[in-house]
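Throughout, residue positions are numbered sequentially from 1 according to the sequence presented. No experiment lies behind these values; they were computed from the predicted model shown.
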Amino acid sequence: MNRKVLFNDGWEFAKTALGFELGNIGSLKFEPVDIPHDWLIFNTLDLYENSIGWYRKKFTVEKKPDQMLLYFDGVYMDSTLYVNGQFAGEWKYGYSSFEHDITDFVKEGNNEIIMKVVHQSPNSRWYSGAGIYRNVWLKTRSKNHIVTDGIYITTRCKGEIWEVEVDTEYEITDDVQISHKIIRGDKIIASSKDFVKAGGNSGVNTQKLYVEKPLLWSCDEPNLYKLVTQMELVKTDENGRKTVECIECVTQNIGFRTIILDPDQGLILNGKKIKLNGVCEHHDLGALGAAFNKAALIRRFKLLKEMGVNAIRTAHNMPAPELMDLADEMGFLVLSEAFDMWERPKTTYDYARFFGEWAYRDVKSWVKRDRNHPSLLMWSIGNEIYDTHADERGQEITRMLMNYVREFDPKGNAQITIASNYMAWENAQKCADILKIAGYNYAEHLYYKHHKEHPDWVIFGSETSSVVQSRGVYHFPFEQAILSDEDEQCSALGNSTVSWGAKSVEACIIAERDTPFSLGQFIWTGFDYIGEPTPYHTKNSYFGQLDTATFKKDSFYIFQAAWTDYKTNPMVHIFPYWDFNEADY
């Protein structure tokens, strides 16, 4: 039977300077390491160290399968895989998932994997971490199999009946049966199956299932079903009797919801107008660094729910797969973002070096992996992309990336947008006009003007706020506005500000409240994060409503009061900083 198993155990690690060659690897001293792993977080005095991480794993193959693949949820960045000393593949971007077919390089008996990961700084505007920082999977399969991320689910409401269309991309050499079941708890809600004859090596099988009056998925009630897809080998004996043997089973979340993005009405979820009370989130987890930890993310999501958050923007890269699963389960809409740069770099060694050659593969991986999630709201093809402002080439790339996304999400499970801080200028507006869904970074003052000039645009705040503050720190006098004092902390009184951000938390809340056609906003940020230091000489940002230790700041309660109902949250307390008396502190 085709299998996918977690492959995190038994890895070893060694670190070298840049320029170290594979041929000298025998001289290194490897130490056991836990995957997911971020080697930079171990030295907080050098979080941007130039170095190469070498990962080694030895494993035994008792019987070689038809195909063997290694699937990586994320490796930051510029990675090269060697199997038994042979080059087996490379991947450049640090945030997209990828797999390498290692069938031709493994043998029965003992095998050795080497993964080389290059961290060359500066390669990001924030703390990226470095290493195999997400899960690794080993896949073994026969020549008859479902293509990786090859199941595409689309739901359509047709009155009280919902149609579920499932496209299954396959490769076969024998006759097979492909079947689907929609399950809620232990009950089968709908099922279908289809016989596929081995007339060619590959193809797409399409089936439709129908569900009557399903429970709808929403942020408040994230009702989920499971779609179980099986590929079964069909055999016929000498008496003409057919038998089936299950060779692959894939289970994933499915949710029933309707989403309308309307230029005048904003966001309509299941027929009800709502606002995005969203936060932007980088991928690091504070003291854990970039290494993914599901328990830590669950804790963060619970705190964001308590604050009244109903949407997450993955700033500015593809998220861990588990983030999408948790968003499904806990009721967050997700604005999934791909890139922080295109052809024009923001730092010397960032992804712009690879964009031209690799963007198509990264978009394919991104969209195919996450296109079925009920939590998915929009695809963002970029954040604050200077290419869109500089010249007409930005419009060409906008169309190119839009076409890439639509190639792998042709039925529009999510709409395509961009997050721009250049919306005051013509070239960026032309890019927005291509997409028709425009994300504004720190440009609320343009909403009404652009809504009038472009009545077919859907407008929202893709990034707002940037109000800095430290937990429990108050600098007086209130009238003196400075970013940081000698303690390198930002005042929670509201008298610490940055040039591009809002003047206060309340200003963000009011601006969105008074713009009925806007979808809502994603404030910068939910949690403090490492990198982009503000103030400059610290290790992390102070933009969050919670700090890196996940403790709540004063503004947490202000957003909570604005984004939730007092009747259901009687203990809500808004810290009345506008009434502060210096003598009391």
Q: Given Tyr349 and Phe354, is the ring pair (Phe, Tyr, Trp, His ring centres under 6.0 Å) satisfied, shown in steps?
A: CA-CA 10 Å; Tyr349 300 106; Phe354 311 117; over 10 Å; no
Q: State whether the number of non-hydrogen atoms from other residues, nucleotides or ligands found under 6.0 Å of Lys346 atom NZ is greater than 12.
A: yes
Q: Answer yes when Glu281 and Arg313 have at least one side-chain N-carboxylate O distance shorter than 4.0 Å, and no when they do not.
A: no
Q: Using a distance-only test with no angle check, is there a side-chain donor-acceptor pair under 3.5 angstrom linking Asn310 and Asp220?
A: no
Q: Can you measure from CG (Leu401) to CD1 (Ile418) and round to the nearest 0.5 angstrom?
A: 8.0 Å
Q: Can you see which heavy atom on Ser380 is nearest to which on Trp366, and at what distance?
A: O-CH2, 3.5 Å
Q: So among Asn123, Asn317, Asp362, which one has a side chain to side chain donor-acceptor pair (under 3.5 Å) with Tyr351?
A: Asp362
Q: Pick from Arg369, Arg134, Lys368: which one makes a side chain to side chain donor-acceptor pair (under 3.5 Å) with Ser97?
A: Arg369
Q: May I ask you to decide if the ring planes of Trp457 and His454 are parallel, tilted or perpendicular, using 30° and 60° as cut-offs?
A: parallel
Q: Salt bridge check, Arg125 against Asp340: does any charged N sit closer than 4.0 Å to a carboxylate O?
A: yes
Q: Between Lys158 and Glu163, is the closest basic N to carboxylate O distance under 4.0 Å?
A: yes
Q: Answer yes when Asp456 and Lys436 have at least one side-chain N-carboxylate O distance shorter than 4.0 Å, and no when they do not.
A: yes
Q: Would you compute the distance between atom OG1 of Thr80 and atom CH2 of Trp91 and round it to the nearest 0.5 angstrom?
A: 13.0 Å
Q: Atom CZ of residue position Arg3 - does it have more than 12 heavy atoms of other residues, nucleotides or ligands inside 6.0 Å?
A: no
Q: Would Glu165 and Arg156 count as a salt bridge (Lys or Arg N to Asp or Glu O under 4.0 Å) here? Give the steps.
A: CA-CA 8 Å; Glu165 187 171 58; Arg156 301 184 186 90; 3.2 Å; yes
Q: Any side-chain heavy-atom pair from Phe301 and Val309 closer than 4.5 angstrom?
A: no
Q: Should the pair Tyr447 and Phe517 be assigned to parallel (<30°), tilted (30 to 60°) or perpendicular (>60°) ring geometry?
A: perpendicular
Q: I need the single residue from Tyr127, Tyr95, Phe543, Tyr529 that forms a ring pair (Phe, Tyr, Trp, His ring centres under 6.0 Å) with His282. Which is it?
A: Tyr529
Q: Heavy-atom distance under 4.5 Å between the side chains of Leu224 and Lys226, does that happen here?
A: no
Q: Less than 4.0 angstrom from a charged side-chain N to a carboxylate O is my criterion; do Asp78 and Lys92 meet it?
A: yes
Q: So that I can tick it off, tell me whether Asp350 and Arg353 are bridged by a salt bridge, with the cut-off set at under 4.0 angstrom between side-chain N and carboxylate O.
A: no
Q: Salt bridge check: are Glu99 and Lys139 linked by an N-O gap of less than 4.0 Å?
A: yes
Q: Check Lys411 with Asp167, please: is the shortest side-chain N to carboxylate O separation under 4.0 Å?
A: yes
Q: Does one side chain, of Ser192 or His180, offer a donor that lies under 3.5 Å from an acceptor on the other?
A: no
Q: Testing Thr168, Asn144, Asp175, Ile172 one by one against Val196 for a side chain to side chain contact (heavy atoms under 4.5 Å, CB included), which residue passes?
A: Ile172
